[in-house]
Peer 1: 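Input: one structure, supplied below.
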Amino acid sequence: MRRPVIAGNWKLNNAEREAVELVTALKTNLSDVDTVDIVVCPVFTVLAVVHDVLLESNIALGAQNVYWEDAGAFTGEVSAPLLKEIGVEYVIIGHSERRQYFGETNQTVNKKIRAALRHGLVPIVCVGEVLEEREANKTFDVIRRQCEECLAGLNADELKKNIIAYEPVWAIGTGKTATSQQAEEVHKFIRGLLAKMGGKEASEAVRIQYGGSVKPDNIADLMAQPDIDGALVGGASLKADAFIQIVKNSCAVTR
Ligand code: PEP
């Protein structure tokens with residue numbers, strides 16, 4: 001059985017004081033959770049301080065981006081070994097905001113995934129269609145292409161180590177959540193693609209998160225779907241109460 005994973009993507013929010021306050025509240029209130037993996041993804045500059053607060057907790061640390069080279073003349077970039085060195089375990093790759101504003105492509109996502117895996121980081125690989133693509137019935141074509149190109153060349157063992165986050169772009173930060181049925185049909189489709197790419201065993205091992213306006217009151221419905229293995233949470237991960245409730249409500253779902 002796949003262990004669910006709930007990750008908070010803080011985006012460009014929370015300086016040191018807010019970050020410490022938030023993770024202190026999470027650490028205190030989620031200490032008894034042992035059936036889901038919990039991850040927080042702060043900005044680079046507070047990763048180390050958040051890591052220290054999270055020592056001896058059940059909450060892991062993730063970054064929001066990574067560069068594919070390990071070191072060299074790449075001004076402004078941060079590499080996988082540097083993240084690993086300060087205790088980062090997960091990294092979000094190919095978020096739609098990076099695709100939209102920073103020129104991320106399926107090809108750069110593929111290079112970043114390989115770098116993350118080389119250094120033992122768990123990639124959280126984001127895919128998802130924009131509204132026009134959904135309305136033009138192109139969702140499955142878009143998802144197929146993103147999965148095939150982002151995960152190109154990975155063998156079954158490498159494939160298994162990824163988390164895929166299905167995030168319909170029209171649902172991110174908009175308050176519009178995909179219905180659990182809409183999400184499940186895409187998750188099931190992704191699992192089928194993974195089976196073609198790496199075999200059934202690998203596809204059954206990969207955790208597929210849903211992301212897009214996840215809130216305490218919609219997480220249980222989403223998590224009750226057979227192919228939804230957790231959530232990537234943006235806005236609601238900035239509020240301790242909401243994120244705590246999302247984690248707790250997801251634990252309450254029998255899968
Ligand atoms: C996200 O940015 O990954 C996200 C899902 O955001 P929100 O939960 O705010 O829609």
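In each ligand, atom 1 is the first atom listed, and ligand 1 is the first ligand listed. Sequence positions, counted from 1, serve as the residue numbers for this chain.
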Peer 1: Answer yes or no: does an N/O atom from Gly235 fall short of 3.5 Å to an N/O atom of ligand 1?
Peer 2: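 Yes, there is a polar N/O contact under 3.5 Å.
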Peer 1: Give the numbers and elements of all ligand 1 atoms closer than 4.0 Å to a heavy atom of Ser213.
Peer 2: 7 (P), 8 (O), 10 (O)
Peer 1: Could you tell me the residue and atom name of the protein heavy atom closest to atom 1 (C) of ligand 1, and the distance to it rounded to 0.1 Å?
Peer 2: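 Checked against all protein heavy atoms, atom 1 (C) of ligand 1 sits closest to His95 NE2, 3.2 Å.
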Peer 1: Look at the side chain of Tyr90 and the backbone N and O of Ile92, then say whether any donor-acceptor pair between them is shorter than 3.5 Å.
Peer 2: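 Between the backbone of Ile92 and the side chain of Tyr90 there is no qualifying donor-acceptor contact (under 3.5 Å).
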Peer 1: As a test of understanding, state which of Asn110, Thr105, Asn106 forms a side chain to side chain donor-acceptor pair (under 3.5 Å) with Glu149.
Peer 2: Asn106
Peer 1: Quick check on contacts: which atoms of ligand 1 are under 4.0 angstrom from a heavy atom of Gly212?
Peer 2: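 Within the 4.0 Å cut-off of Gly212, ligand 1 contributes 5 (C), 10 (O).
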Peer 1: Side chain, backbone, both or neither: which part of Cys126 comes within less than 4.0 Å of ligand 1 when only heavy atoms are counted?
Peer 2: neither
Peer 1: Please report which non-hydrogen protein atom sits nearest to atom 3 (O) of ligand 1, along with the residue it belongs to and the distance in Å to one decimal place.
Peer 2: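 Checked against all protein heavy atoms, atom 3 (O) of ligand 1 sits closest to Glu167 OE2, 2.7 Å.
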Peer 1: Any side-chain heavy-atom pair from Phe44 and Leu83 closer than 4.5 angstrom?
Peer 2: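 Yes, their side chains come closer than 4.5 Å.
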Peer 1: Taking Glu184 first and then Lys188, would you say they form a salt bridge - that is, a charged N and a carboxylate O separated by under 4.0 Å?
Peer 2: no
Peer 1: I want to know if ligand 1 touches Thr174 in the polar sense, i.e. an N/O pair below 3.5 angstrom.
Peer 2: no
Peer 1: Got a salt bridge between Glu201 and Lys160, using NZ or NE/NH1/NH2 to carboxylate O under 4.0 Å?
Peer 2: yes
Peer 1: Over 60° means perpendicular and under 30° means parallel, so tell me whether Tyr166 and His187 are parallel, tilted or perpendicular.
Peer 2: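 Tyr166 vs His187 ring planes: perpendicular.
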Peer 1: Hey, is Arg3 close enough to Asp37 for a salt bridge, meaning N to O under 4.0 Å?
Peer 2: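 Result for this pair is yes, salt bridge flagged.
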Peer 1: For ligand 1, is there an atom lying under 4.0 Å from some heavy atom of Gly173?
Peer 2: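 Checking ligand 1 against Gly173, which is what was asked, there is a heavy-atom contact under 4.0 Å.
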Peer 1: With no hydrogens and no angle check, do the side chains of Glu129 and Trp170 hold a donor and an acceptor under 3.5 Å apart?
Peer 2: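 There is such a pair (donor and acceptor under 3.5 Å, judged by atom type) between the side chains of Glu129 and Trp170.
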Peer 1: Identify the closest protein heavy atom to atom 6 (O) of ligand 1: which residue and atom is it, and at what distance?
Peer 2: Gly234 CA, 3.3 Å
Peer 1: Hey, is Asn9 touching ligand 1 through its side chain, its backbone, both or neither, going by heavy atoms under 4.0 Å?
Peer 2: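 For Asn9, the contact with ligand 1 is made by the side chain alone.
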Peer 1: Closer than 4.0 angstrom: is that true for some heavy atom of Ala171 and an atom of ligand 1?
Peer 2: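 Contact present.
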